[in-house]
Amino acid sequence: MKQYWLMKSEPDEVSIDDLMAAPRHTMPWFGVRNYQARNFMRDGMRPGDGVLFYHSSCPQPGVAGVAEVASGAYPDHSQFEEGGKYFDAKATQEQPRWISVDVRGLKKTALLPLSEMRQMPELEDMLLLKKGSRLSITPVTPAQWKVITDRLKA
DNA sequence: GCCAACGTTGGC
DNA sequence: GCCAACGTTGGC
């Protein structure tokens, strides 16, 4: 059963344009350092799942495009890069702590701003919109997916 | 830059 | 296992 997700990225780090410009529109999703988000990737995601690509921590936060999960989970290389921003001294090759999946961009869309999503009654239960929600990866229900992707086409 | 909310760490 | 202190996220 296909599932749906929302994945946050800071456009200064990786924007929807960066994703679409990558070879085969595909990039590894690295740098997740939160267990709940990791577990969603590890236990919930399957290739072909739908992804809303969300721009966060920027002047215009919102959904910037549609993507899909393009691989299963594998160890996040950045945890082993000593001196790197995402290095984790407690991770080993034998016992990796963090994982990545590949994400393939399907299309860049007109930005659906967070402010507008907050005004859509159908989205009031979205995890993204809950007070205090900071998870970089959240599940999206099929109904929410439909409302949002329909809106992105309009 | 502010700050609310949440997650993690570490002493006990 | 508790919980205070600290760090991070992310909208504004």
Side-chain angles (χ1 to χ4, degrees), chain A residues 3-22 27-45 49-69 73-141 143-152 154:
Chain A
Q3 304 204 77
Y4 302 97
W5 308 94
L6 181 141
M7 300 175 84
K8 294 182 188 174
S9 182
E10 299 186 18
D12 286 350
E13 304 282 329
V14 179
S15 70
I16 186 71
D17 289 325
D18 297 327
L19 181 64
M20 297 311 289
M27 293 182 68
W29 202 272
F30 62 92
V32 170
R33 292 296 179 269
N34 169 283
Y35 290 105
Q36 226 180 318
R38 179 201 68 180
N39 294 348
F40 281 138
M41 282 199 287
R42 187 188 61 193
D43 307 329
M45 282 188 182
D49 280 2
V51 172
L52 299 171
F53 191 102
Y54 180 91
H55 281 174
S56 70
S57 290
C58 59
Q60 280 256 305
V63 174
V66 179
E68 67 179 4
V69 177
Y74 57 89
D76 178 343
H77 301 304
S78 66
Q79 70 194 302
F80 307 125
E81 289 162 5
E82 211 158 335
K85 177 177 175 186
Y86 296 110
F87 178 66
D88 185 339
K90 292 181 181 159
T92 64
Q93 298 281 347
E94 295 72 28
Q95 294 262 306
R97 184 183 280 207
W98 306 110
I99 60 166
S100 293
V101 299
D102 289 344
V103 171
R104 179 186 302 123
L106 297 178
K107 65 180 170 187
K108 177 182 180 176
T109 64
L111 190 89
L112 172 57
L114 174 63
S115 56
E116 201 171 319
M117 295 172 74
R118 288 199 187 283
Q119 289 168 13
M120 297 167 69
E122 306 94 326
L123 301 183
E124 97 185 305
D125 291 330
M126 259 191 106
L127 285 179
L128 171 78
L129 306 181
K130 297 279 186 198
K131 185 174 175 183
S133 164
R134 300 182 314 177
L135 268 183
S136 62
I137 298 176
T138 48
V140 172
T141 67
Q144 291 161 354
W145 174 269
K146 181 171 191 326
V147 168
I148 291 168
T149 51
D150 283 353
R151 174 63 187 75
L152 290 172

Considering only heavy side-chain atoms of K131(A), the closest of dG7(B), dC12(C), dA4(B) is dA4(B)

What contact category does Q36(A) fall into here, base, sugar-phosphate, or nothing, at under 4.0 angstrom with non-hydrogen atoms?
sugar-phosphate

Which of these nucleotides, dG11(C), dG10(C), dT8(C), is closest to any side-chain atom of R134(A)?
dT8(C)

May I have the distance from H55(A) (atom NE2) to dT9(C) (atom P), rounded to whole angstrom?
17 Å

Is there a donor-acceptor pair closer than 3.5 Å between any side-chain N or O of H55(A) and the backbone N or O of I16(A)?
yes

Quick one: sort the F53(A) and W29(A) rings into parallel, tilted or perpendicular, breaks at 30° and 60°.
perpendicular

Using residues 110-123 of chain A as the side-chain source, report each donor-acceptor pair under 3.5 Å to any protein atom, sequence neighbours left out, with the distance given to one decimal.
unit_1  : atom_1 : unit_2  : atom_2 : d
E116(A) : OE2    : R151(A) : NE     : 2.9
E116(A) : OE2    : R151(A) : NH2    : 2.5
R118(A) : NH1    : L129(A) : O      : 3.2

Looking at R33(A) and dT8(C), is any side-chain donor or acceptor paired with a base atom of the opposite kind under 3.5 Å?
no

Considering only side-chain heavy atoms of S56(A), which listed nucleotide, dG10(C), dC12(C), dG7(B), is closest?
dG10(C)

L135(A) atom CG is separated from dT8(C) atom P, nearest whole Å, by 17 Å

May I have the distance from K8(A) (atom NZ) to dC6(B) (atom P), rounded to whole angstrom?
12 Å

Phosphate OP1/OP2 of dG11(C): any Y54(A) side-chain N/O under 4.0 Å
yes

Measure from CG on N34(A) to C1' on dT8(B) and round the result to the nearest Å.
10 Å

Which whole-number value in Å describes the distance from D12(A) CG to dG11(C) P?
13 Å

Of the listed nucleotides (dA5(B), dT9(B), dG11(C)), which one gets closest to any side-chain atom of K90(A)?
dT9(B)

Grab the two heavy atoms, one from W5(A) and one from V69(A), that are nearest each other, plus how far apart they are.
CD1-CG2, 4.5 Å

note: M126(A), atom CE; dG11(C), atom P; distance rounded to Å ~ 13 Å

